[in-house]
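In what follows, a structure is listed as C-alpha coordinates, so that the remarks can point back to it.
All values reported here derive from a predicted model rather than from experimental measurement.
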Amino acid sequence: MQFMTIFSLLIVALLGGSVGYILNRHLASKRKEDANDLANRIVEEARKEAQAQKKEILLQAQNDLYNQKRALENDFREQERDLKNREKRLQEQGERLEERIEKTTEKEQELIAVEKDLTRRERQIDELEERLTASIEEQKNRLQEISGLTAEEARERLLSEIEARTRHEAAKMMRVIETEARETADRKARDIIAGAIQRYAGDYVSDHTVTAVTLPSEDMKGRIIGREGRNIRALEAATGVDLIIDDTPETVILSAFSPMRRQVAKMALERLIQDGRIHPARIEDVVQKCQQELEVQVREIGEQATFDAGVHGIHPELIRILGQLRYRTSYTQNVLQHSLEVSALCGMMAAELGMDVKKAKRAGLLHDIGKAVDHEIEGPHALIGMDLAKKYNETKDIQHAIGAHHEDIHPETALDVLVQAADSLSGARPGARKELLENYVKRLEELENIATEFDGVAKAYAIQAGREIRVMVNSENVDDDATYMLCRNITEKIENNLTYPGQIRVTVIRERRAVGYAK
(Lines give C-alpha, C1' and ligand atoms only; values in the text may rest on other atoms or scores of the structure.)
Protein backbone atom coordinates (compact mmCIF):
# COMPACT_ATOMS: atom_id res chain seq x y z
CA MET A 1 0.00 0.00 0.00
CA GLN A 2 2.77 2.34 0.88
CA PHE A 3 4.57 1.41 -2.26
CA MET A 4 1.54 2.30 -4.37
CA THR A 5 1.28 5.62 -2.65
CA ILE A 6 4.94 6.45 -3.30
CA PHE A 7 4.62 5.40 -6.91
CA SER A 8 1.60 7.61 -7.36
CA LEU A 9 3.48 10.54 -5.95
CA LEU A 10 6.40 9.96 -8.30
CA ILE A 11 4.07 9.87 -11.32
CA VAL A 12 2.40 13.11 -10.19
CA ALA A 13 5.81 14.72 -9.78
CA LEU A 14 6.97 13.66 -13.21
CA LEU A 15 3.80 14.92 -14.82
CA GLY A 16 4.12 18.25 -12.98
CA GLY A 17 7.74 18.64 -14.13
CA SER A 18 6.84 17.93 -17.72
CA VAL A 19 4.02 20.39 -17.70
CA GLY A 20 6.25 23.05 -16.14
CA TYR A 21 8.95 22.49 -18.73
CA ILE A 22 6.46 22.77 -21.56
CA LEU A 23 5.03 26.00 -20.08
CA ASN A 24 8.49 27.53 -19.62
CA ARG A 25 9.44 26.84 -23.24
CA HIS A 26 6.24 28.39 -24.44
CA LEU A 27 6.78 31.51 -22.34
CA ALA A 28 10.43 31.82 -23.51
CA SER A 29 9.43 31.58 -27.15
CA LYS A 30 6.76 34.25 -26.64
CA ARG A 31 9.23 36.60 -24.90
CA LYS A 32 11.69 36.16 -27.77
CA GLU A 33 9.06 37.13 -30.29
CA ASP A 34 8.13 40.21 -28.26
CA ALA A 35 11.81 41.22 -28.01
CA ASN A 36 12.27 40.86 -31.76
CA ASP A 37 9.24 43.03 -32.41
CA LEU A 38 10.54 45.71 -29.99
CA ALA A 39 13.98 45.66 -31.59
CA ASN A 40 12.50 46.06 -35.04
CA ARG A 41 10.43 49.02 -33.89
CA ILE A 42 13.49 50.69 -32.28
CA VAL A 43 15.57 50.18 -35.44
CA GLU A 44 12.82 51.63 -37.58
CA GLU A 45 12.43 54.66 -35.35
CA ALA A 46 16.24 55.20 -35.33
CA ARG A 47 16.33 54.99 -39.12
CA LYS A 48 13.58 57.57 -39.42
CA GLU A 49 15.30 59.89 -36.90
CA ALA A 50 18.64 59.54 -38.72
CA GLN A 51 17.03 60.45 -42.01
CA ALA A 52 15.43 63.51 -40.40
CA GLN A 53 18.78 64.61 -38.88
CA LYS A 54 20.49 64.04 -42.23
CA LYS A 55 18.02 66.33 -43.96
CA GLU A 56 18.46 68.97 -41.25
CA ILE A 57 22.29 68.81 -41.52
CA LEU A 58 22.11 69.11 -45.29
CA LEU A 59 19.88 72.16 -45.00
CA GLN A 60 22.22 73.75 -42.43
CA ALA A 61 25.24 73.04 -44.64
CA GLN A 62 23.55 74.60 -47.64
CA ASN A 63 22.68 77.68 -45.54
CA ASP A 64 26.30 78.00 -44.29
CA LEU A 65 27.63 77.67 -47.82
CA TYR A 66 25.29 80.40 -48.96
CA ASN A 67 26.38 82.72 -46.13
CA GLN A 68 30.07 82.09 -46.77
CA LYS A 69 29.55 82.78 -50.45
CA ARG A 70 27.90 86.12 -49.68
CA ALA A 71 30.69 87.05 -47.23
CA LEU A 72 33.37 86.22 -49.78
CA GLU A 73 31.59 88.26 -52.39
CA ASN A 74 31.40 91.24 -50.00
CA ASP A 75 35.14 90.91 -49.15
CA PHE A 76 35.98 90.74 -52.83
CA ARG A 77 33.99 93.87 -53.57
CA GLU A 78 35.65 95.69 -50.59
CA GLN A 79 39.13 94.69 -51.76
CA GLU A 80 38.28 95.79 -55.25
CA ARG A 81 37.27 99.24 -53.93
CA ASP A 82 40.50 99.47 -51.88
CA LEU A 83 42.57 98.58 -54.92
CA LYS A 84 40.87 101.26 -56.95
CA ASN A 85 41.50 103.85 -54.19
CA ARG A 86 45.16 102.85 -53.93
CA GLU A 87 45.55 103.03 -57.66
CA LYS A 88 44.05 106.50 -57.61
CA ARG A 89 46.38 107.63 -54.80
CA LEU A 90 49.41 106.18 -56.59
CA GLN A 91 48.44 108.03 -59.70
CA GLU A 92 48.16 111.31 -57.75
CA GLN A 93 51.53 110.69 -56.09
CA GLY A 94 53.08 110.01 -59.47
CA GLU A 95 51.79 113.32 -60.75
CA ARG A 96 53.21 115.13 -57.70
CA LEU A 97 56.57 113.39 -58.15
CA GLU A 98 56.71 114.52 -61.73
CA GLU A 99 56.09 118.09 -60.59
CA ARG A 100 58.85 117.80 -58.01
CA ILE A 101 61.24 116.36 -60.57
CA GLU A 102 60.56 119.33 -62.80
CA LYS A 103 61.16 121.78 -59.94
CA THR A 104 64.33 119.91 -58.88
CA THR A 105 65.62 120.12 -62.41
CA GLU A 106 65.03 123.86 -62.44
CA LYS A 107 66.80 124.27 -59.06
CA GLU A 108 69.69 122.14 -60.27
CA GLN A 109 70.15 124.42 -63.23
CA GLU A 110 70.03 127.43 -60.90
CA LEU A 111 72.63 125.82 -58.59
CA ILE A 112 74.91 125.13 -61.55
CA ALA A 113 74.71 128.80 -62.47
CA VAL A 114 75.42 129.85 -58.85
CA GLU A 115 78.34 127.42 -58.66
CA LYS A 116 79.85 128.93 -61.80
CA ASP A 117 79.46 132.39 -60.26
CA LEU A 118 81.08 131.25 -56.97
CA THR A 119 83.97 129.70 -58.86
CA ARG A 120 84.53 132.98 -60.64
CA ARG A 121 84.42 134.88 -57.32
CA GLU A 122 86.83 132.41 -55.68
CA ARG A 123 89.34 133.05 -58.44
CA GLN A 124 88.95 136.78 -57.84
CA ILE A 125 89.41 136.31 -54.06
CA ASP A 126 92.51 134.18 -54.57
CA GLU A 127 93.97 136.89 -56.76
CA LEU A 128 93.16 139.50 -54.10
CA GLU A 129 94.73 137.35 -51.35
CA GLU A 130 97.90 136.98 -53.39
CA ARG A 131 98.09 140.74 -53.88
CA LEU A 132 97.35 141.38 -50.15
CA THR A 133 99.97 138.85 -49.05
CA ALA A 134 102.54 140.49 -51.24
CA SER A 135 101.52 143.91 -49.94
CA ILE A 136 101.67 142.76 -46.27
CA GLU A 137 105.06 141.20 -46.79
CA GLU A 138 106.27 144.41 -48.38
CA GLN A 139 104.88 146.51 -45.49
CA LYS A 140 106.45 144.13 -42.95
CA ASN A 141 109.83 144.48 -44.55
CA ARG A 142 109.49 148.27 -44.57
CA LEU A 143 108.45 148.28 -40.85
CA GLN A 144 111.44 146.12 -39.93
CA GLU A 145 113.73 148.48 -41.82
CA ILE A 146 112.19 151.54 -40.15
CA SER A 147 111.91 150.16 -36.53
CA GLY A 148 114.98 147.98 -36.50
CA LEU A 149 112.96 145.14 -34.84
CA THR A 150 112.34 141.65 -36.12
CA ALA A 151 108.79 140.27 -36.38
CA GLU A 152 109.29 138.08 -33.27
CA GLU A 153 110.56 141.01 -31.18
CA ALA A 154 107.69 143.22 -32.32
CA ARG A 155 105.20 140.46 -31.46
CA GLU A 156 106.62 140.01 -27.96
CA ARG A 157 106.55 143.75 -27.32
CA LEU A 158 102.97 144.01 -28.58
CA LEU A 159 101.84 141.05 -26.45
CA SER A 160 103.48 142.49 -23.32
CA GLU A 161 101.76 145.83 -23.88
CA ILE A 162 98.40 144.11 -24.46
CA GLU A 163 98.88 141.98 -21.31
CA ALA A 164 99.70 145.02 -19.18
CA ARG A 165 96.73 146.94 -20.60
CA THR A 166 94.44 143.92 -20.07
CA ARG A 167 95.55 143.48 -16.46
CA HIS A 168 94.97 147.15 -15.83
CA GLU A 169 91.48 147.00 -17.36
CA ALA A 170 90.70 143.78 -15.45
CA ALA A 171 91.75 145.35 -12.16
CA LYS A 172 89.59 148.40 -12.88
CA MET A 173 86.62 146.22 -13.81
CA MET A 174 87.15 144.04 -10.74
CA ARG A 175 87.25 147.15 -8.60
CA VAL A 176 83.95 148.40 -10.01
CA ILE A 177 82.25 144.99 -9.76
CA GLU A 178 83.47 144.38 -6.21
CA THR A 179 82.37 147.85 -5.14
CA GLU A 180 78.86 147.37 -6.55
CA ALA A 181 78.54 143.83 -5.18
CA ARG A 182 79.84 144.89 -1.78
CA GLU A 183 77.39 147.78 -1.54
CA THR A 184 74.41 145.48 -2.09
CA ALA A 185 75.63 142.23 -0.55
CA ASP A 186 77.16 143.80 2.55
CA ARG A 187 74.02 145.80 3.24
CA LYS A 188 71.77 142.77 2.89
CA ALA A 189 74.08 140.47 4.84
CA ARG A 190 74.51 143.08 7.56
CA ASP A 191 70.75 143.39 7.96
CA ILE A 192 70.25 139.63 8.15
CA ILE A 193 73.12 139.00 10.57
CA ALA A 194 72.24 141.97 12.77
CA GLY A 195 68.63 140.83 12.93
CA ALA A 196 69.69 137.28 13.88
CA ILE A 197 72.06 138.54 16.60
CA GLN A 198 69.47 140.92 18.06
CA ARG A 199 66.82 138.22 18.13
CA TYR A 200 69.09 135.68 19.82
CA ALA A 201 69.54 136.41 23.53
CA GLY A 202 72.35 134.05 24.54
CA ASP A 203 74.78 134.35 27.42
CA TYR A 204 78.03 136.15 26.71
CA VAL A 205 80.10 133.55 28.53
CA SER A 206 78.99 129.93 28.30
CA ASP A 207 79.59 127.34 31.01
CA HIS A 208 82.55 125.06 30.59
CA THR A 209 83.51 121.73 32.10
CA VAL A 210 84.92 121.99 35.63
CA THR A 211 87.80 119.60 36.43
CA ALA A 212 88.43 120.63 40.05
CA VAL A 213 86.68 118.95 42.98
CA THR A 214 86.35 120.88 46.22
CA LEU A 215 87.03 118.93 49.45
CA PRO A 216 85.34 119.60 52.75
CA SER A 217 88.71 119.55 54.54
CA GLU A 218 92.41 118.85 54.04
CA ASP A 219 92.09 115.54 55.89
CA MET A 220 90.01 114.18 53.02
CA LYS A 221 93.12 114.18 50.77
CA GLY A 222 94.70 111.47 52.92
CA ARG A 223 91.55 109.35 52.80
CA ILE A 224 91.41 109.72 49.02
CA ILE A 225 95.03 108.59 48.70
CA GLY A 226 94.49 105.69 51.13
CA ARG A 227 96.96 103.36 52.75
CA GLU A 228 100.03 103.10 50.50
CA GLY A 229 98.05 104.92 47.79
CA ARG A 230 95.64 102.05 47.11
CA ASN A 231 92.51 104.24 46.99
CA ILE A 232 93.87 106.75 44.48
CA ARG A 233 95.27 103.92 42.31
CA ALA A 234 91.91 102.14 42.33
CA LEU A 235 90.11 105.38 41.42
CA GLU A 236 92.54 106.17 38.59
CA ALA A 237 92.33 102.60 37.25
CA ALA A 238 88.51 102.55 37.34
CA THR A 239 88.02 105.96 35.71
CA GLY A 240 91.09 106.37 33.48
CA VAL A 241 91.67 109.82 35.01
CA ASP A 242 94.77 111.17 36.71
CA LEU A 243 94.15 112.69 40.17
CA ILE A 244 96.46 115.58 41.02
CA ILE A 245 96.65 116.17 44.76
CA ASP A 246 99.05 119.02 45.48
CA ASP A 247 99.33 121.96 47.84
CA THR A 248 96.16 123.60 46.52
CA PRO A 249 93.99 123.92 49.62
CA GLU A 250 90.91 121.68 49.77
CA THR A 251 91.02 120.92 46.01
CA VAL A 252 91.69 117.86 43.86
CA ILE A 253 92.41 118.34 40.15
CA LEU A 254 91.14 115.75 37.65
CA SER A 255 93.24 115.42 34.50
CA ALA A 256 92.08 113.42 31.46
CA PHE A 257 91.75 114.03 27.75
CA SER A 258 88.30 112.43 27.58
CA PRO A 259 85.63 114.80 28.95
CA MET A 260 83.30 111.88 29.71
CA ARG A 261 85.88 110.13 31.86
CA ARG A 262 86.60 113.38 33.65
CA GLN A 263 82.89 113.79 34.42
CA VAL A 264 82.56 110.18 35.68
CA ALA A 265 85.56 110.70 37.95
CA LYS A 266 84.12 113.98 39.24
CA MET A 267 80.72 112.38 40.00
CA ALA A 268 82.31 109.33 41.65
CA LEU A 269 84.73 111.38 43.79
CA GLU A 270 81.97 113.72 44.98
CA ARG A 271 79.78 110.76 45.89
CA LEU A 272 82.61 109.01 47.74
CA ILE A 273 83.43 112.19 49.67
CA GLN A 274 79.78 112.62 50.61
CA ASP A 275 79.40 108.97 51.65
CA GLY A 276 82.69 108.84 53.55
CA ARG A 277 83.38 105.17 52.77
CA ILE A 278 86.45 105.16 50.52
CA HIS A 279 88.08 101.81 49.73
CA PRO A 280 88.87 99.98 46.45
CA ALA A 281 85.77 97.76 46.35
CA ARG A 282 83.49 100.72 47.11
CA ILE A 283 85.30 102.84 44.49
CA GLU A 284 84.69 100.30 41.71
CA ASP A 285 81.02 100.01 42.62
CA VAL A 286 80.49 103.79 42.74
CA VAL A 287 82.34 104.37 39.44
CA GLN A 288 80.20 101.75 37.69
CA LYS A 289 76.99 103.32 38.97
CA CYS A 290 78.20 106.80 37.95
CA GLN A 291 78.96 105.56 34.45
CA GLN A 292 75.44 104.19 34.11
CA GLU A 293 73.91 107.39 35.49
CA LEU A 294 76.00 109.52 33.14
CA GLU A 295 74.82 107.50 30.13
CA VAL A 296 71.22 108.21 31.12
CA GLN A 297 72.00 111.89 31.72
CA VAL A 298 73.77 112.20 28.36
CA ARG A 299 70.77 110.79 26.51
CA GLU A 300 68.40 113.10 28.43
CA ILE A 301 70.65 116.10 27.68
CA GLY A 302 70.67 115.20 23.97
CA GLU A 303 66.88 114.82 23.89
CA GLN A 304 66.46 118.16 25.68
CA ALA A 305 68.81 119.82 23.18
CA THR A 306 66.78 118.54 20.21
CA PHE A 307 63.60 119.71 21.93
CA ASP A 308 65.05 123.18 22.60
CA ALA A 309 66.24 123.49 19.01
CA GLY A 310 62.93 122.25 17.60
CA VAL A 311 64.62 119.46 15.62
CA HIS A 312 62.96 116.04 15.50
CA GLY A 313 63.56 112.65 13.93
CA ILE A 314 67.27 112.40 14.79
CA HIS A 315 68.69 108.89 15.21
CA PRO A 316 68.87 107.84 18.92
CA GLU A 317 72.61 107.24 18.67
CA LEU A 318 73.16 110.75 17.30
CA ILE A 319 71.09 112.10 20.19
CA ARG A 320 73.39 110.27 22.64
CA ILE A 321 76.51 111.66 20.92
CA LEU A 322 74.93 115.13 20.92
CA GLY A 323 74.45 114.88 24.70
CA GLN A 324 78.18 114.18 25.13
CA LEU A 325 78.92 117.68 23.78
CA ARG A 326 77.68 119.02 27.14
CA TYR A 327 81.04 117.87 28.55
CA ARG A 328 83.17 119.17 25.65
CA THR A 329 84.57 122.70 25.38
CA SER A 330 86.28 124.67 22.61
CA TYR A 331 88.30 127.70 23.75
CA THR A 332 86.32 127.33 27.03
CA GLN A 333 83.01 127.64 25.12
CA ASN A 334 80.62 124.76 25.81
CA VAL A 335 80.14 122.94 22.51
CA LEU A 336 76.52 121.89 23.17
CA GLN A 337 75.54 125.47 23.99
CA HIS A 338 77.47 126.61 20.92
CA SER A 339 75.55 124.08 18.76
CA LEU A 340 72.23 125.34 20.08
CA GLU A 341 73.28 128.93 19.31
CA VAL A 342 74.31 127.98 15.77
CA SER A 343 71.00 126.16 15.28
CA ALA A 344 69.02 129.20 16.39
CA LEU A 345 71.06 131.60 14.24
CA CYS A 346 70.76 129.29 11.20
CA GLY A 347 67.00 129.17 11.62
CA MET A 348 66.68 132.95 11.88
CA MET A 349 68.85 133.67 8.85
CA ALA A 350 67.19 130.91 6.82
CA ALA A 351 63.79 132.48 7.52
CA GLU A 352 65.09 135.85 6.30
CA LEU A 353 66.47 134.26 3.12
CA GLY A 354 63.38 132.16 2.37
CA MET A 355 65.21 128.84 2.92
CA ASP A 356 64.07 125.66 4.70
CA VAL A 357 64.15 126.68 8.39
CA LYS A 358 63.91 123.12 9.80
CA LYS A 359 66.76 121.88 7.63
CA ALA A 360 68.92 124.89 8.60
CA LYS A 361 68.29 124.31 12.33
CA ARG A 362 69.11 120.62 11.94
CA ALA A 363 72.40 121.34 10.16
CA GLY A 364 73.34 123.96 12.78
CA LEU A 365 72.60 121.64 15.70
CA LEU A 366 74.65 118.75 14.26
CA HIS A 367 77.53 120.75 12.73
CA ASP A 368 79.97 120.05 15.61
CA ILE A 369 78.80 116.47 16.35
CA GLY A 370 82.27 115.20 15.43
CA LYS A 371 83.82 116.96 18.46
CA ALA A 372 82.18 114.39 20.76
CA VAL A 373 84.36 111.59 19.34
CA ASP A 374 87.35 113.43 17.79
CA HIS A 375 89.54 112.21 20.67
CA GLU A 376 88.73 108.62 19.62
CA ILE A 377 88.91 108.99 15.80
CA GLU A 378 91.70 110.72 13.89
CA GLY A 379 90.87 113.51 11.48
CA PRO A 380 89.15 116.94 11.44
CA HIS A 381 85.98 117.04 13.51
CA ALA A 382 83.98 118.36 10.54
CA LEU A 383 84.76 115.28 8.43
CA ILE A 384 84.20 112.98 11.42
CA GLY A 385 80.79 114.60 11.94
CA MET A 386 79.97 114.19 8.24
CA ASP A 387 80.77 110.45 8.48
CA LEU A 388 78.56 110.13 11.58
CA ALA A 389 75.69 111.89 9.81
CA LYS A 390 76.07 109.56 6.83
CA LYS A 391 76.18 106.52 9.11
CA TYR A 392 72.92 107.48 10.83
CA ASN A 393 71.01 108.31 7.61
CA GLU A 394 71.02 112.11 7.59
CA THR A 395 70.34 113.67 4.18
CA LYS A 396 73.21 114.49 1.82
CA ASP A 397 72.81 118.28 2.14
CA ILE A 398 72.99 118.00 5.95
CA GLN A 399 76.11 115.80 5.64
CA HIS A 400 77.77 118.27 3.26
CA ALA A 401 76.93 121.28 5.46
CA ILE A 402 78.56 119.54 8.46
CA GLY A 403 81.69 118.66 6.47
CA ALA A 404 82.04 122.11 4.88
CA HIS A 405 81.55 124.39 7.87
CA HIS A 406 85.37 124.72 8.27
CA GLU A 407 85.99 124.26 4.52
CA ASP A 408 87.56 120.80 4.93
CA ILE A 409 85.48 120.24 1.80
CA HIS A 410 84.45 123.06 -0.53
CA PRO A 411 81.06 124.69 0.28
CA GLU A 412 78.62 124.15 -2.58
CA THR A 413 75.16 125.14 -1.33
CA ALA A 414 73.58 128.09 0.44
CA LEU A 415 73.05 125.85 3.48
CA ASP A 416 76.83 125.24 3.71
CA VAL A 417 77.54 128.98 3.77
CA LEU A 418 74.69 129.59 6.22
CA VAL A 419 76.15 127.11 8.75
CA GLN A 420 79.60 128.71 8.30
CA ALA A 421 78.22 132.17 9.03
CA ALA A 422 76.24 131.04 12.08
CA ASP A 423 79.27 129.13 13.45
CA SER A 424 81.43 132.25 13.06
CA LEU A 425 78.81 134.44 14.77
CA SER A 426 78.51 132.13 17.76
CA GLY A 427 82.26 131.70 18.20
CA ALA A 428 83.36 135.25 17.43
CA ARG A 429 80.90 137.27 19.53
CA PRO A 430 82.51 139.05 22.50
CA GLY A 431 83.10 136.85 25.54
CA ALA A 432 82.15 133.60 23.82
CA ARG A 433 85.66 132.12 23.71
CA LYS A 434 89.02 132.53 25.36
CA GLU A 435 92.43 131.91 23.85
CA LEU A 436 95.83 131.33 25.44
CA LEU A 437 98.12 134.36 25.28
CA GLU A 438 100.92 132.37 23.64
CA ASN A 439 98.65 131.09 20.83
CA TYR A 440 97.14 134.52 20.42
CA VAL A 441 100.51 136.26 19.98
CA LYS A 442 101.70 133.54 17.61
CA ARG A 443 98.62 133.93 15.44
CA LEU A 444 99.12 137.70 15.22
CA GLU A 445 102.77 137.26 14.18
CA GLU A 446 101.82 134.72 11.49
CA LEU A 447 99.14 137.08 10.22
CA GLU A 448 101.59 139.98 9.85
CA ASN A 449 104.26 137.72 8.27
CA ILE A 450 101.84 136.51 5.59
CA ALA A 451 101.01 140.08 4.59
CA THR A 452 104.65 141.27 4.45
CA GLU A 453 105.67 138.40 2.13
CA PHE A 454 104.07 140.10 -0.88
CA ASP A 455 106.00 142.48 -3.11
CA GLY A 456 105.25 146.15 -2.63
CA VAL A 457 104.14 145.80 1.03
CA ALA A 458 105.90 148.23 3.35
CA LYS A 459 104.32 147.40 6.72
CA ALA A 460 101.48 145.28 8.13
CA TYR A 461 99.68 145.69 11.44
CA ALA A 462 97.32 143.19 13.08
CA ILE A 463 94.69 145.14 15.05
CA GLN A 464 91.38 144.55 16.86
CA ALA A 465 92.65 141.37 18.55
CA GLY A 466 93.58 139.82 15.24
CA ARG A 467 90.20 140.47 13.62
CA GLU A 468 91.71 142.92 11.11
CA ILE A 469 95.05 143.44 9.39
CA ARG A 470 96.04 146.74 7.79
CA VAL A 471 98.63 146.59 5.03
CA MET A 472 100.62 149.68 3.96
CA VAL A 473 102.03 149.52 0.40
CA ASN A 474 104.64 151.58 -1.47
CA SER A 475 102.84 153.95 -3.80
CA GLU A 476 105.74 153.82 -6.29
CA ASN A 477 105.49 150.02 -6.73
CA VAL A 478 101.72 149.45 -6.45
CA ASP A 479 99.09 151.53 -8.23
CA ASP A 480 95.45 151.98 -7.18
CA ASP A 481 94.12 149.10 -9.25
CA ALA A 482 96.84 146.69 -8.13
CA THR A 483 95.84 147.21 -4.48
CA TYR A 484 92.65 145.23 -5.15
CA MET A 485 94.61 142.31 -6.57
CA LEU A 486 97.01 142.46 -3.61
CA CYS A 487 94.11 142.47 -1.12
CA ARG A 488 92.57 139.41 -2.78
CA ASN A 489 95.90 137.52 -2.78
CA ILE A 490 96.55 138.26 0.91
CA THR A 491 93.02 137.14 1.81
CA GLU A 492 93.39 133.85 -0.04
CA LYS A 493 96.74 133.10 1.58
CA ILE A 494 95.36 133.81 5.08
CA GLU A 495 92.44 131.46 4.42
CA ASN A 496 94.75 128.69 3.21
CA ASN A 497 97.49 128.96 5.87
CA LEU A 498 95.86 130.08 9.13
CA THR A 499 93.29 128.60 11.51
CA TYR A 500 91.22 131.23 13.33
CA PRO A 501 87.72 131.71 14.72
CA GLY A 502 85.32 133.97 12.83
CA GLN A 503 86.74 136.12 10.04
CA ILE A 504 89.67 138.49 9.47
CA ARG A 505 89.29 141.79 7.62
CA VAL A 506 92.13 142.73 5.24
CA THR A 507 92.59 146.43 4.49
CA VAL A 508 95.24 147.54 1.96
CA ILE A 509 96.17 151.26 2.17
CA ARG A 510 98.06 153.18 -0.52
CA GLU A 511 98.81 156.88 -0.26
CA ARG A 512 101.05 159.33 -2.11
CA ARG A 513 102.73 162.10 -0.11
CA ALA A 514 104.20 165.25 -1.63
CA VAL A 515 106.65 167.01 0.70
CA GLY A 516 108.00 170.46 0.03
CA TYR A 517 109.91 173.08 2.04
CA ALA A 518 109.24 176.81 1.87
CA LYS A 519 112.41 178.84 2.47
Side-chain angles (χ1 to χ4, degrees), residues 257-261 294-330 333-351 353-427 495-496 499 501:
F257 191 73
S258 171
M260 295 292 290
R261 290 180 181 177
L294 186 61
E295 284 293 326
V296 175
Q297 290 179 12
V298 162
R299 190 170 297 278
E300 291 176 353
I301 291 169
E303 292 174 351
Q304 185 63 38
T306 59
F307 177 78
D308 293 341
V311 178
H312 307 289
I314 297 179
H315 193 280
E317 188 63 22
L318 273 183
I319 292 177
R320 185 186 68 81
I321 297 174
L322 186 66
Q324 293 180 9
L325 294 179
R326 173 65 180 82
Y327 304 103
R328 175 74 157 82
T329 59
S330 177
Q333 184 182 26
N334 186 272
V335 178
L336 180 59
Q337 183 64 27
H338 166 66
S339 299
L340 289 171
E341 289 181 6
V342 172
S343 177
L345 292 170
C346 279
M348 294 175 191
M349 291 190 287
L353 296 171
M355 296 171 58
D356 189 337
V357 176
K358 292 183 178 180
K359 185 181 293 185
K361 285 186 175 182
R362 193 183 194 92
L365 183 65
L366 299 177
H367 80 287
D368 268 348
I369 195 73
K371 286 187 176 180
V373 294
D374 62 352
H375 57 285
E376 301 172 0
I377 304 173
E378 292 186 1
H381 73 273
L383 298 182
I384 296 172
M386 184 174 69
D387 293 338
L388 287 174
K390 182 178 180 181
K391 179 180 179 181
Y392 296 112
N393 302 321
E394 290 294 327
T395 58
K396 290 185 178 180
D397 46 359
I398 298 293
Q399 297 173 24
H400 200 276
I402 294 172
H405 79 275
H406 283 313
E407 295 196 3
D408 295 292
I409 58 176
H410 185 68
E412 295 178 354
T413 64
L415 183 62
D416 298 349
V417 180
L418 195 66
V419 174
Q420 277 187 342
D423 181 52
S424 299
L425 285 176
S426 176
E495 290 176 351
N496 295 331
T499 301

Of all the heavy-atom pairs spanning [X] and [Y], show the shortest one and how long it is.
| X | Y | result |
| --- | --- | --- |
| Val419 | Ala401 | CG2-CB, 4.1 Å |
| Ala389 | Gln399 | CB-CG, 3.9 Å |
| Leu388 | Gly370 | CD1-CA, 4.5 Å |
| Glu303 | Ile319 | N-CG2, 3.5 Å |
| Leu336 | Ala305 | CD1-CB, 3.9 Å |
| Ala360 | Leu415 | CA-CD1, 3.7 Å |

Strictly distance-based, threshold 3.5 Å: is any side-chain N or O of [X] a donor or acceptor partner for the main-chain N or O of [Y]?
| X | Y | result |
| --- | --- | --- |
| Ser343 | Ser339 | no |
| His405 | Ile402 | yes |
| Asp368 | Lys371 | no |
| His406 | Asp408 | no |
| Gln324 | Val298 | no |
| Asp416 | Thr413 | yes |

Pairwise side-chain contact, [X] with [Y], heavy-atom cut-off 4.5 Å (strictly under):
| X | Y | result |
| --- | --- | --- |
| Leu383 | Ile409 | yes |
| Cys346 | Arg362 | no |
| Asp308 | Gln304 | yes |
| Asn334 | Arg326 | yes |
| Ile314 | Leu365 | yes |

Using 0.5 Å steps for rounding, measure from the [atom1] atom of [X] to the [atom2] atom of [Y].
| X | Y | atom1 | atom2 | result |
| --- | --- | --- | --- | --- |
| Leu418 | Asp423 | CG | CG | 11.5 Å |
| Tyr392 | Ile369 | OH | CD1 | 10.0 Å |
| Leu366 | Leu318 | CG | CG | 6.0 Å |
| Lys358 | His312 | NZ | NE2 | 7.5 Å |
| Lys359 | Lys361 | NZ | NZ | 15.5 Å |

Arg320, CZ atom: more than 12 neighbouring heavy atoms under 6.0 Å
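For Arg320, atom CZ is crowded (more than 12 foreign heavy atoms under 6.0 Å).
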